[in-house]
Visitor: 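Got a structure for you, questions after.
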Amino acid sequence: MQPKSNIVHLPVYQPGKPVDDVKRELGLEEVIKLASNENPFGYSEQAKAAIINELGQISTYPDGASFELTAAVAQKFGVEPNQIIFGTGSSDIILMLARTYLAPGDETVMADETFSQYKHNAEIENARIIEVPLKNGKHDLSAMLAKITDRTKLVWVCNPNNPTGTIVKEDELTTFLDQVPKDVLVVLDEAYCEFVNEPGFPDGIKLLKKYRNLIVLRTFSKIYGLASLRIGYGIGHADVIQYMNQVREPFNTNRLAQVAAKASLADDEFVAFCREQNRAGIEYLYSHFDRLGLSYFPAFGNFVMVDTKLPSAEVFQALLRRGLIVRPRWTYYPTHIRVSVGTPEQNEKFIAALEQVLQEAAVRG
Ligand SMILES: Cc1ncc(COP(=O)(O)O)c(C=O)c1O
């Protein structure tokens, strides 16, 4: 039996190394994972209450159309319910976009490097992937624009970008959107947007009225802290959402995720708390990276890409032995690691461990 030839070489998605694996393999009691940009402050108490309240219902199928959650999102963001689609995480929205819009040979333009799932799903559809190198860790929107051809169907913009954490500002984005042909769908992945409080950072949802060929992706996995419940969403033009619904798996979001997401949306206090803590964590990390003479990309999400000036796989292993999991091995950044912002205590432990690792390397020479 032979699978489709275009999937034979595909890697299996490599998530951040699980804490329990590291504990087992290295015999460690305490392991801190700063590798998957999760929320170290957990999730909203209101979401917890909603989950508990829903537990009695889990023997019945969820509402495949997420009616109540759709209404809550529509109200919060001032859009129509038929502009919204939910997925098993925003990863599922990415998959649905590729399924809906990419046929073999179609072209799709994305940054290099950016979130891996854009390329992965495009490869499954046997599309032609056009990768445009980042410029100083940022999307090079004019270079991306220049790569759009008659065959281009989807263009991906990740804002803030994973893994570099950089952002494109509203003026840059709208200049780009003004020039993208109207039959090319621009996917604006805003998985980390709730962490950003930078003047000039665009709110993709506000741009939807002007740009019918735009879809905005958001998730409950990051600031809302619901990563294991797997729920994210897309907001776009009703026609786009209709086509995506036609390829959507039935019941792709579950009851617990739906009620938790709805309760989380209403808990602005929790979101504001996490945003402030995250900003303070970034400033703390910056101050120590500066002290250690390490450079980093400006960070707008809940993670920082820092240049350790050592092969990142070595730094990763050395940190792992000290009970810290980070993300190494970036194609264009062989000495960078991506570290998620933790609690103040986790950040301190990370810096202490990193300093030891750097000192040991300096002694070895
Ligand atoms: C930029 C970006 N988009 C989308 C996702 C997918 O998140 P989820 O499927 O948990 O919503 C991630 C996860 O790390 C991400 O970094």
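First listed ligand is number 1; within each ligand, the first listed atom is number 1.
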Visitor: At a heavy-atom distance under 4.0 Å, which protein residues reach ligand 1? Sort them by chain and number, would you?
Guide: G89, S90, S91, F115, C158, N162, D189, A191, Y192, T219, S221, K222, R230
Visitor: Just checking, is any N or O donor in the side chain of N37 or S340 under 3.5 Å from an acceptor N or O on the other one?
Guide: yes
Visitor: Are S116 and K119 close enough that a side-chain donor and a side-chain acceptor fall under 3.5 Å?
Guide: no
Visitor: How are the rings of F270 and F273 set to each other: parallel, tilted or perpendicular (split at 30° and 60°)?
Guide: tilted
Visitor: Given the side-chain rings of F297 and H336, with only the six-membered ring counted for Trp, is the space between their centroids under 6.0 Å?
Guide: yes
Visitor: Please determine if K17 and E25 form a salt bridge, counting it only when a charged side-chain N lies under 4.0 Å from a carboxylate O.
Guide: yes
Visitor: Give a yes or no on whether the ring-centroid distance for F195 and F300 is below 6.0 angstrom.
Guide: no
